[in-house]
Structures are given as structure tokens and as C-alpha cells.
Amino acid sequence: MRQITFSQATLEAMAEEMRRDENIFVMGEDIARQGGVFGQFKGLSDEFGDRIMDTPISETAIIGAAVGAAMAGMRPVADMHFADFMGVAMDELFNQMAKIRYMFGGQTTVPMIVRAPDGLSSCAAAQHSQSIEAWFMNIPGIKVVAPSNPADAKGLLKSALRDDNPVIYFENKILYREKGEVSEEEFLVPIGKANIVREGTDITIISYSIGMKKAYEVADKLEKQGIHAEIIDLRTLVPYDKEAILKSVKKTHRLAIIHEAVKQGGAGSEIAAFVAENAIEYLDAPIMRFGAPFVPVPFSPPLEKAYRLDSDKIVEEILEKF
Amino acid sequence: MRQITFSQATLEAMAEEMRRDENIFVMGEDIARQGGVFGQFKGLSDEFGDRIMDTPISETAIIGAAVGAAMAGMRPVADMHFADFMGVAMDELFNQMAKIRYMFGGQTTVPMIVRAPDGLSSCAAAQHSQSIEAWFMNIPGIKVVAPSNPADAKGLLKSALRDDNPVIYFENKILYREKGEVSEEEFLVPIGKANIVREGTDITIISYSIGMKKAYEVADKLEKQGIHAEIIDLRTLVPYDKEAILKSVKKTHRLAIIHEAVKQGGAGSEIAAFVAENAIEYLDAPIMRFGAPFVPVPFSPPLEKAYRLDSDKIVEEILEKF
Amino acid sequence: MERYNKDLLNTLYYKMYKIRRFEENIESFFLNGEIPGFVHLYIGEEAIASGVCASLTDKDYIASTHRGHGHTIAKGADLNKVMAEIFGKKTGFCKGKGGSMHIADFSVGMLGANGVVGGGFNLAVGAALAIKKQKRDNVSVVFFGDGASNRGTFHEALNLASVWKLPVVFVCENNEWASTTPYRTTTSVADISTRAAGYSMASKIADGNDVFDVYESFKEALDYVKAGNGPFFLEAKTYRIKGHYVGDPELYRTKEEVQKVFDENNPIDRFEEKVLIEGLMTEVELEEIRIKVENEIKEAINFALNSEFPDPSELFDDLYV
Amino acid sequence: MERYNKDLLNTLYYKMYKIRRFEENIESFFLNGEIPGFVHLYIGEEAIASGVCASLTDKDYIASTHRGHGHTIAKGADLNKVMAEIFGKKTGFCKGKGGSMHIADFSVGMLGANGVVGGGFNLAVGAALAIKKQKRDNVSVVFFGDGASNRGTFHEALNLASVWKLPVVFVCENNEWASTTPYRTTTSVADISTRAAGYSMASKIADGNDVFDVYESFKEALDYVKAGNGPFFLEAKTYRIKGHYVGDPELYRTKEEVQKVFDENNPIDRFEEKVLIEGLMTEVELEEIRIKVENEIKEAINFALNSEFPDPSELFDDLYV
Ligand SMILES: Cc1ncc(C[n+]2csc(CCOP(=O)(O)OP(=O)(O)O)c2C)c(N)n1
Ligand SMILES: Cc1ncc(C[n+]2csc(CCOP(=O)(O)OP(=O)(O)O)c2C)c(N)n1
Ligand SMILES: [Mg+2]
Ligand SMILES: [Mg+2]
């Protein structure tokens with residue numbers, strides 16, 4: 001199958017769906033003239049003209065106007081430039097976008113997508129490196145996806161563009177340039193379904209987005225020790241695939257959760273707690289979470305390196321529990 | 001000992017500390033003229049004059065200016081009116097307040113307090129009823145406290161007012177009117193230390209803030225079934241008292257966590273995950289979390305009632321696991 | 001006054017009077033403990049919503065505030081369902097999930113009250129953007145208070161509406177108070193419309209207690225906006241007659257101060273006086289409208305009181321599609 | 001020109017030239033891959049930070065932007081530590097934790113660059129509030145771009161500063177670009193200072209490429225603010241000569257357009273021309289300053305290059321007190 005980058009995969013999803021649905025349009029900073037900070041909108045304005053709109057540096061207006069346009073029949077895509085800037089529009093995200101449908105008794109839908117490039121890149125420091133998906137797991141009314149590869153990037157974005165609920169689409173900055181197989185046929189990846197990307201018997205490793213790279217590394221290293229890990233790519237964080245998780249844990253009796261975001265209060269906490277609540281009797285070892293330490297992201301290369309997940313350390317800690 | 005309300009306790013803490021430290025001042029909406037939406041600042045402006053400042057409806061300015069003033073040698077207290085409005089100033093809270101000290105290599109401190117009245121009151125609906133403390137457990141650089149009674153309210157606020165780190169002080173709207181014993185002597189409650197408010201042998205119940213009311217109800221009801229619950233009032237969410245939690249769980253072999261906030265991705269997830277990671281072998285039953293369902297807070301009384309924690313149901317679920 | 005045909009006069013009076021009587025009833029039900037949550041009354045400001053909405057159709061949008069009953073009624077929402085919602089009944093517009101602070105009627109383009117002050121600006125701008133993209137000949141209106149004009153969303157919304165020349169009218173209800181705070185102590189301009197120049201936006205000040213002035217001014221705004229000139233800023237000067245919310249002890253001002261404004265500058269009295277003196281309407285005609293309003297309100301009250309509360313099982317409905 | 005004694009002239013030239021040469025060096029180190037992260041250069045805008053900071057002391061505060069090297073240097077921060085920080089060394093101001101986008105020197109009142117556009121407004125307002133509460137005779141200055149002027153924080157900060165009459169000067173560096181976007185397409189006024197009137201705030205426009213005009217205008221602002229009149233808004237018109245960040249392909253404008261501005265309106269050339277023609281300084285004096293600057297920069301580079309990176313164990317330092 002052909003290989004394309006994650007970034008190209010999102011571009012294809014956008015173009016295909018924008019051709020299909022004329023209500024889709026895109027708002028954000030530097031997306032029309034520049035094609036996005038990471039090139040993830042490159043060329044779209046050639047085909048779609050003023051459906052790709054460069055905005056002022058006004059994040060509350062970007063999200064707020066997207067909500068308003070969604071209520072008035074459009075299907076806006078709002079680009080956040082960096083996920084780090086979602087805090088600027090947090091009220092619009094959690095008090096408006098997430099609540100409108102419910103609070104108004106289902107009178108309207110808010111079909112919109114928030115695209116949020118996240119994660120460490122290369123020494124972008126404290127305010128340009130964050131992964132804050134966990135907050136949104138605590139906010140009812142939003143769907144949250146976080147693809148880990150080009151095919152999922154395309155399939156989930158297409159699904160999101162057809163979903164009548166607000167969807168936050170976390171796209172990792174490092175993954176943009178990664179290549180992977182993506183079918184030329186049209187396909188969707190359903191929101192809410194995890195992907196068992198590797199079957200195994202000895203331990204379940206759950207991850208999503210860039211964390212999946214570590215998941216594979218860790219699984220490969222464990223394999224060398226004769227430990228067969230089952231890897232679950234969560235794909236969607238809200239709603240997350242409870243069934244797939246339980247099924248796997250009941251089979252492997254062990255669980256490790258890996259994500260790049262801060263460990264304390266991270267998405268892994270919810271997953272771990274869910275399993276401890278629903279399958280503790282199947283577990284032969286502590287549930288392990290691996291995530292960033294409890295400090296802001298530092299700038300200097302050796303500090304950033306120390307901040308990052310290290311698959312050797314993860315393997316070591318896992319082995320200690322075997 | 002004399003009894004005063006939670007609200008009075010915070011007033012005493014403010015007044016005592018403001019007398020001690022002339023750098024403390026307070027900013028917020030309707031706090032000088034009105035004494036706060038819940039009367040929690042009542043009378044302070046009589047004694048402290050322009051150290052109690054009514055602001056415009058400008059939450060980013062309230063938090064941002066507090067950060068700026070803190071860096072310039074003051075010790076600001078910023079009132080958020082309702083915790084629900086913290087989203088408006090989320091960037092200031094998480095990208096500025098929380099990160100400044102670390103990101104600038106310790107060149108400055110940011111001694112400030114954010115006071116955030118939270119929780120359900122009486123049919124205040126989706127945007128005036130929330131508890132969002134979990135988000136802040138995922139953000140390094142902030143301390144987070146959530147007192148459950150007048151004595152802790154006073155002691156923790158006084159500690160916060162002497163802490164050189166930014167502290168978010170979640171104060172529950174219903175608790176304001178509750179009375180409790182508060183010593184007339186000066187005292188502090190240390191940030192980061194949990195309180196074992198009742199010793200028990202059969203199950204550990206962890207809670208904080210208004211959740212503690214349910215914790216007591218549940219424990220009392222369990223007691224009638226011959227089950228002796230140990231109750232931990234967490235008091236502080238960041239940093240939370242890991243030692244106290246582990247010690248108790250290792251003794252009781254069971255754990256239930258209760259909070260009013262949304263269960264999914266709530267503070268209970270972190271606590272549960274922590275225990276599943278560090279003491280799973282001591283557990284005789286699943287770790288149970290009790291929190292709000294995954295919907296915004298509805299307005300109508302029967303819906304709001306259905307939304308609330310119900311100690312009978314909690315007891316029932318706990319008993320099922322015995 | 002030639003454009004004031006009977007229909008229009010009836011409409012203006014009908015809307016104003018309906019809002020007034022609705023609010024008076026809400027106030028007493030609330031004080032009797034029959035309405036849950038809290039409510040903010042629009043009494044004394046009826047001329048603004050009425051004068052604005054008289055020129056709007058169901059295809060035009062409005063975004064509202066925490067003080068939203070007046071806007072909702074003026075926009076033509078079914079009174080029964082407004083009343084039922086405020087009582088928390090399942091027959092209300094939001095099936096009891098919203099209440100006073102989240103009243104909405106999407107069928108008439110009323111995009112919702114908002115518990116977040118300043119939350120409506122960008123929603124209205126977004127609706128105007130949709131109108132423009134859909135090449136429709138409609139407008140979007142956002143009502144907001146003097147207090148809301150100090151929120152950052154005000155700035156971002158006005159700037160965006162201006163650079164994109166969107167069909168939106170910003171209607172500032174300057175009632176001189178933001179809960180307990182006189183606007184002059186927190187707002188750095190005397191006329192909030194002064195700020196429009198910072199966005200190259202046309203603006204006007206109207207007497208918010210004179211429904212004719214509001215109507216005329218808004219018409220001007222509408223013509224301007226519909227001609228494709230971009231947004232318009234209308235500041236309506238008024239005064240908050242009631243407490244910030246029902247039950248507000250109002251320690252921050254004197255009863256006399258308020259009474260004086262109400263006696264001298266009551267928009268409904270002013271309308272009545274004017275139409276009678278100028279012979280535009282008769283006392284009989286006014287009375288007919290009042291009777292109609294009373295009947296509708298009585299019906300709405302009955303409807304609300306006789307409606308069921310939602311069933312607890314409905315808690316989980318309407319979250320996701 | 002009488003107030004321009006030799007000291008002052010030296011200072012202005014020294015600051016500008018130092019920033020210029022610093023940035024040129026940073027650019028080439030970055031292009032050589034020796035600087036981590038990303039950097040935004042201040043080349044062509046030196047007159048603004050220099051003209052402003054010439055009148056400030058260490059007890060005055062500035063809040064800066066993502067494009068903060070110039071502000072930091074103009075405020076008098078130790079060049080070695082600035083350079084070391086940008087290289088990510090532990091001898092830098094932030095011990096390597098901040099880098100270019102978070103450079104800060106609290107010892108000279110430089111409250112930090114900011115990775116969040118528009119993040120500095122309220123910080124500066126807060127510092128001004130502290131000054132007022134401490135009854136000190138200082139000021140707080142916030143530098144910000146044309147792009148930042150569309151953030152809600154701009155509005156909230158200006159309003160608050162105005163109603164509380166705080167000693168703060170808002171210095172808008174209108175360099176016509178917000179990354180790839182020409183400011184006129186996203187900003188609803190031609191002169192951003194027009195917005196000051198919306199906060200009853202005094203304002204002025206200066207030629208941001210003429211350090212004398214910036215100096216004079218800022219002096220005026222300072223006198224105004226120190227007299228207790230409240231905040232002042234100064235818009236400095238300039239142009240962004242370099243790409244938004246080093247490495248920016250700049251597809252959105254032509255090289256010629258940029259070169260033309262740089263040739264005709266280079267603040268350093270303009271200074272040199274002026275002082276030479278008016279006989280205020282000699283070529284020898286200018287050269288002396290340039291040599292001094294080169295030496296300082298050389299030293300700073302050596303310092304940075306010879307400094308250690310932080311030890312991984314330092315990751316956990318400096319979070320809480
Ligand atoms: C973001 C936000 N901050 C604070 C509040 C609390 N609050 C509710 S209404 C109000 C005053 C609003 O004043 P104004 O905008 O003038 O409207 P009015 O009540 O006068 O109609 C305040 C401060 C809120 N609801 N939202
Ligand atoms: C809140 C926020 N939104 C977007 C960005 C991304 N960004 C960084 S610099 C920039 C342009 C800033 O333009 P301007 O304020 O004019 O400053 P200049 O770069 O011209 O000095 C943008 C959009 C950001 N850092 N912060
Ligand atoms: Mg008002
Ligand atoms: Mg610029």
C-alpha cells in the first residue's frame with residue numbers, strides 16, 4: 001500500500017470531506033497563507049479559497065465563532081495553532097461548546113472540530129510542548145480523539161468531520177512527518193473504538209498518539225525477554241473503549257499505560273482507575289502508568305531529554321514487577 | 001470550643017493574615033461593595049479599605065494582574081466569583097501562574113491565591129455548579145487545597161497566605177454556611193497533609209471538600225452494618241498525601257473515593273491509579289470511585305437530585321463488594 | 001411617525017407589556033419559592049429587546065445574557081415553554097435542563113441565554129459568519145451589558161466582526177450596573193459605544209427607555225449591516241430597576257434612586273403617554289393588548305404549573321447526538 | 001536636541017547596536033544548528049526597545065514577548081547570561097529552563113519574554129498595581145505586537161489600567177506582520193493607538209525606526225504616567241525585517257519589499273546619519289561603541305559556548321519554593 005505522512009493524511013481527509021460537505025470551513029492563525037504552522041493545511045486554500053480563513057490572534061473568537069457558526073448550520077474546523085493555547089479559549093470550549101446541546105435540552109447540535117497540535121517537539125519549552133487531553137476527559141459533552149498514525153489520522157478526522165458532536169482532534173507535532181500506509185480507498189475509523197495493534201498474552205500496554213511509539217519500543221524490548229505484550233491503541237479518549245480494555249486485561253492480567261502527557265492526573269489515571277474498579281481481580285501486578293514528570297517542559301536539550309519517556313526505563317520498571 | 005461558619009473562618013484567616021502582612025490584597029468582582037457573592041468577604045473592606053478591590057468583569061486581568069503583582073513583591077488574592085469562570089483565565093492560570101517560577105529558573109516566586117467557590121448549590125445549572133479541581137492536578141507548579149470544614153478552611157487559608165507558591169483554594173458554596181469548631185488560638189493547617197478524621201479497619205474512604213459530608217454519611221451507614229470505615233480528608237489535592245493514603249489502604253485493604261466532581265477524569269482517578277500502582281497487592285476488593293455522572297449539571301430539581309451523590313447508593317455498591 | 005402603523009405599534013406595546021408582566025409574575029413566584037435556581041429580571045429594560053426584535057425574523061439570530069427572559073419573549077418564543085423552562089418542567093424549551101439562565105428557542109433564532117457574562121459575543125459573530133457563508137440576507141444580534149463590555153471576548157468579537165464585515169449588531173444594554181458595581185467604577189469610558197471606533201465600527205447611542213428611539217436606531221443599524229457594510233454598535237442607555245437577581249438586598253444603592261428612575265423613565269409609561277398624546281393609539285386599544293397579554297400569561301402559568309417535572313432518567317438524554 | 005548629551009547618545013547607539021549584533025550572531029548560530037528550539041529576531045526594531053529602556057531604571061518593570069531579546073538587552077540584562085540561556089546552558093538566566101522564548105532577568109525588572117502572544121499585558125498591569133500599592137515612583141511597560149492587540153487580554157488590561165489609573169505604558173510594536181499575516185487583514189484599525197480612546201487613555205504614535213522619536217515620545221508618556229494621570233499608549237510604527245522566526249520561508253512577501261524597508265529605514269543607519277550630519281557624534285565615537293559591543297558579544301559567545309548544559313538531575317529544581 002502507498003505510504004503517506006500523517007500530515008498528508010489529515011490533508012486528504014480535509015479535502016475529501018470538504019468536497020462532500022460544503023458546510024465545512026476552517027478558521028485559524030496562519031492556515032491560509034502559510035498552510036498551518038506545521039504545513040498541515042498546505043494547499044487547502046488553493047482548492048477551497050475563502051473556506052480556509054486566516055484569523056486574528058483571537059482564540060476566544062476562533063472557538064466562540066465556531067460554536068456560533070455550528071449552531072447556525074455550518075461545520076467549522078477551528079485550528080488552535082498549539083494545543084497549549086486552548087487555555088485561552090477554555091471557557092468557550094468547556095462552558096459553551098461542550099454544554100450547549102445538553103443545557104438547551106437537545107434543541108441544537110454543535111458539529112465542530114477543534115484541531116490541536118500537541119506534544120514535545122524539539123526544545124519548544126514550557127508553553128509550546130504540552131499535552132492536555134486529560135482535562136477534556138473530565139468535561140462531558142465533547143468527544144476526544146488522538147490518532148497515532150497516518151491511517152488513523154485520516155480515518156478519525158473523516159469521522160470527526162461527519163460527527164454531529166464537538167470533537168477535539170489532538171494531532172501530535174512529531175507524528176506529522178511520520179509515514180505510514182494509508183489506503184487509497186475511502187475509509188473511516190470509528191470514534192470510540194480502540195485498536196488492538198498487537199496481540200499478546202503477558203501484559204497489556206495501552207497508549208495513544210505519540211505514546212504509541214514508546215508502546216511499540218517497550219513491547220519489542222519485552223518480546224526479547226520472552227514477554228508477549230498486547231498493545232492497545234486507544235485512538236479515542238472520549239468515549240474510550242472500555243470493552244476492549246477489560247477484555248485485554250482479563251486476558252493478560254497486567255497493565256501498563258503510557259502517554260507523553262504529565263502522569264499525575266493524566267489520561268492514564270482514568271484508565272488505571274477504571275481497570276482497578278472493574279477488573280482488579282484479574283490483575284497479577286500493579287497497574288503501571290508512564291507519563292511526564294510533574295514539572296513544566298524545560299527548554300535545554302539535556303533537561304528535555306530527561307523529561308521524555310525512556311523506553312528502557314519503562315521496560316526496567318515493568319520487568320521489576322514480573 | 002466556639003462554633004463559627006466556614007465563611008467566617010475564611011474571613012478570620014484573611015483578616016489575621018492581612019494584619020500580619022501588608023502585601024496581601026484582594027481583587028475580584030463584587031467583593032468590596034457586596035462582600036462577595038456568598039458573603040465570604042463581608043466587612044473586609046471596612047477594615048482594609050482599598051486593599052479589597054472590586055474589579056471589572058475581566059477574569060484574565062484579575063489572574064494576570066495578580067501574577068504580575070506577585071512577581072513585583074505583593075501577595076494578591078484573586079477571587080474567581082465561581083470556579084466555573086476559571087476557564088476564562090485558564091491561560092493565565094496554567095501558562096503563566098503555574099509556570100513562571102520554573103520556566104524562569106527560579107528567579108522569582110509567584111505568591112498568590114486563587115479563591116474559587118465551587119460545587120452544586122441549588123439549581124444553579126450547568127455553568128454555576130462545577131467542580132474542576134482535577135484539571136489542576138495535571139498542571140505542575142500550583143498547589144491545590146479543598147477544605148471540608150471551618151477549622152481547615154481557616155488553617156489552610158492561613159497557610160496558603162504564607163506560602164510562596166501559587167495556591168488554588170477551592171471553597172465549596174454549600175459549606176460556607178456550615179458551622180464547626182474553630183479554635184480561638186492561632187493555628188495553621190499544613191498544605192499537603194491529609195487528616196485521618198476517623199480511624200477504621202475495614203475500608204478506607206477518601207474525600208475532600210463537600211464530598212466529606214457523603215464520606216461521613218456513608219461511614220455511618222456502614223458502621224450500622226458492622227463495617228468500620230477509616231475516613232481520610234485529603235485537604236490538599238496538590239501535593240496530595242501519598243503516605244497517609246498508602247498507610248490506610250494497607251491497613252484496611254479496601255478503598256472508596258468520593259467527590260462531587262465528575263467521576264470520569266476526576267481527582268479520584270489519580271488517587272485510585274496511585275493506589276493501584278503502589279498497593280494493589282493489599283487490596284481485597286476493587287477500588288471504587290464515586291462522583292458525578294458524565295453530563296453537565298442540569299437545572300431542574302429532580303434532575304439535579306439525580307445528578308447528586310447518594311450515600312445510600314454508595315453504601316449499596318460498597319456492600320456488594322464485601 | 002409615519003412608519004408606525006397600527007401593527008407595529010401593537011407589536012411594540014405587546015412585546016414590552018408582555019415582558020413586564022411576565023417578569024412581575026416570575027418575581028412573585030420566585031419570592032414564593034416556586035422557582036428553582038436564580039433569576040435576573042429585565043424590568044425597566046423592555047424597550048430594548050422589544051425595539052430591536054420588532055425588526056427581526058425567525059431567520060435572524062440573537063445571542064442573549066443571564067438576563068435573558070426579555071430577549072427570548074421579544075424574539076417570539078412560545079410563552080408557555082419559556083415559563084415551563086423557568087419552572088424546571090419537562091415541557092420547557094430545554095426540557096428543564098437549562099432554566100432561567102439557559103433559556104433558548106432555536107426555532108425562532110434565539111441562540112440561548114448565557115450564564116457566562118460576555119459568552120455571547122463570539123457566538124453571535126459565528127452565527128453572522130454562517131449567515132454570510134450561506135449568502136443569506138439575515139443578521140445576528142448580540143445583547144450584552146455594560147459589565148460584559150469589559151470582557152476580552154468583547155474585543156475579540158468586535159475585531160473579528162469588523163475585519164470580516166459580518167452582519168452582526170452589537171446591542172449594549174448599558175443599565176449602569178454590573179451586579180453591585182456602578183459601571184463608571186469599572187468601565188473606562190462613559191459611553192461604551194466610544195469603543196466602536198477602535199474597530200472602525202459604526203455606532204449609535206439610543207435612549208434605551210424609549211422604544212421608538214431603539215426601534216429607529218436599530219433600523220438604521222439593520223439597513224447599514226444589510227447593505228454589506230459590516231457590523232454596527234448600538235448602545236442603549238437604560239437603568240437596572242430591579243436587584244441584580246431576585247432576592248438581591250441591594251445594599252449598594254438607595255431605594256429612592258431607583259424609584260425616581262422608574263417613575264420618570266418607565267419605558268411602558270413613556271410609550272403609553274406618547275401614543276395617547278399623539279393620538280396614535282387609544283386607551284381601548286392599549287387595554288385590549290393588556291388583556292391579551294394577561295390571558296397569555298395566565299395560560300403560560302397554568303401550562304407551567306400543570307406540566308410534569310422531568311423524570312430523573314432523563315438526566316442522560318441530549319448529551320451527545 | 002539639547003537633552004541629548006553624550007551619555008544619552010552613547011546609550012541609545014550602544015543599545016541598538018548591541019541588539020543588532022546580538023541578533024545577527026544568534027541568527028547564524030541558529031542556522032548552524034547550535035541553538036535549540038526556535039528564535040524570533042528583533043532586527044530592524046531596535047530603536048523601540050532602546051528608545052524606551054533608555055529612560056527606565058532597574059526598579060521599573062517591563063513585560064516582553066516571544067520576540068524578547070531586544071527588550072532584555074535594552075533593559076540592561078547581562079549579555080553573557082542572555083546568550084547562555086538561549087544556548088540552553090545552566091549559566092543562563094533561567095538555568096536553561098527557559099530559552100529564547102522565556103528569557104528573563106528579574107534583577108533588572110525584566111519580567112520575562114512570553115510564549116503566549118498577549119500574555120504580557122496583564123502581568124505588566126499587575127506590576128504597575130504593585131508599584132502603586134508600594135507607593136513607588138516607578139513604571140511598568142509592556143511591549144506587544146500588532147497581532148497581540150487583537151487578543152482579549154489587550155482589552156481587559158487596558159481597561160483595568162485605565163480605571164485604576166496605573167503607572168503603565170503600553171508600547172505597541174506595530175511591525176505590520178503577525179507571523180504570516182499582514183496586520184491590516186486581521187486588525188480592524190489602521191493605527192492601533194486609535195483603540196486607546198476606548199479606554200479614555202492618552203496615546204501617541206512614534207516612528208519606531210527613529211530612536212529619537214521613540215525616546216521623546218516615551219519620555220512624554222513617562223512624564224504623563226508619573227504625574228499620576230494613569231496609563232499611556234504608545235504605538236511605534238516599524239516593520240519586521242526578518243522572517244517571523246529564523247528559518248521562516250517567508251512565502252507571504254517578497255524579498256524586495258523587505259530589502260527596500262531595510263535600506264531606507266534602518267534605525268541604526270538613520271541614527272548614524274543623523275548624529276554625524278548634525279555633528280552630535282563623530283565616526284570615531286561610533287566606532288568605539290561598535291568595538292565595545294563586538295567585544296561584549298564575543299565574550300558572551302565564549303561564555304555561552306564554554307558553559308555547561310544543565311545536569312538532567314536539575315529537571316526537578318525550581319518548581320516549588
Ligand atoms: C465570566 C463571568 N464573570 C462573572 C460572572 C458573574 N456575574 C453574573 S451577572 C454579572 C454582572 C453583569 O453585568 P452586565 O454585563 O452589566 O449585565 P446586567 O446584569 O447589568 O444586565 C456578573 C459579574 C459571570 N456570570 N460570568
Ligand atoms: C495565544 C497565542 N496564539 C498564537 C500564538 C502563535 N504566534 C506566535 S507569534 C505570533 C504572531 C505575533 O504577532 P505580533 O503580536 O504582531 O508580534 P511580532 O511577531 O510581529 O513581533 C503568533 C500567531 C501564540 N504564541 N500565542
Ligand atoms: Mg449592567
Ligand atoms: Mg507584528
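Residue numbering restarts at 1 for every chain, and letters A, B, ... go by the order of the sequence lines.
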Legend entry - Part of residues 110-118 of chain B lying next to chain D, heavy-atom separation under 4.5 Å: none

Inset, instruction - Check each atom of B:K99 against the heavy atoms of chain D and say whether the ones under 4.5 Å are side chain, backbone, both or neither. - result: neither

Inset, instruction - Kindly indicate whether the side chain of D:L160, heavy atoms from C-beta on, has any atom under 4.5 Å from the side chain of B:S58. - result: no

Inset, instruction - Below 4.5 Å from any heavy atom of chain B, which atoms of D:L111 appear? Answer side chain, backbone, both or neither. - result: both

Inset, instruction - Could you tell me which residues in residues 40-54 of chain B have at least one non-hydrogen atom under 4.5 Å from a non-hydrogen atom of chain D, sorted by residue number? - result: B:D50, B:R51, B:M53, B:D54

Legend entry - Contact origin within D:A104 toward chain B - heavy atom pairs under 4.5 Å: both

Legend entry - By salt bridge (charged side-chain N to carboxylate O under 4.0 Å, His left out) - contacts of B:R75 (at least two apart): B:D21, B:D164

Legend entry - Contact origin within D:A63 toward chain B - heavy atom pairs under 4.5 Å: neither

Legend entry - B:Q96 and D:N122, any side-chain heavy atoms less than 4.5 Å apart: no

Inset, instruction - Quick one: list whatever passes side-chain contact (heavy atoms from CB on, under 4.5 Å) with B:N138, sequence neighbours left out. - result: A:A134, A:W135, A:V262

Legend entry - Under 4.5 Å from a heavy atom of chain B, the part of D:D317 involved: backbone

Inset, instruction - Side-chain contact test, heavy atoms from C-beta onward, threshold under 4.5 Å: evaluate it for B:R101 versus D:L319 and give yes or no. - result: no

Inset, instruction - Could you tell me whether the side chain of D:D105 reaches within less than 4.5 Å of the side chain of B:F104, counting heavy atoms only? - result: no

Legend entry - Heavy-atom side-chain proximity of B:Q107 to D:K95 below 4.5 angstrom: no

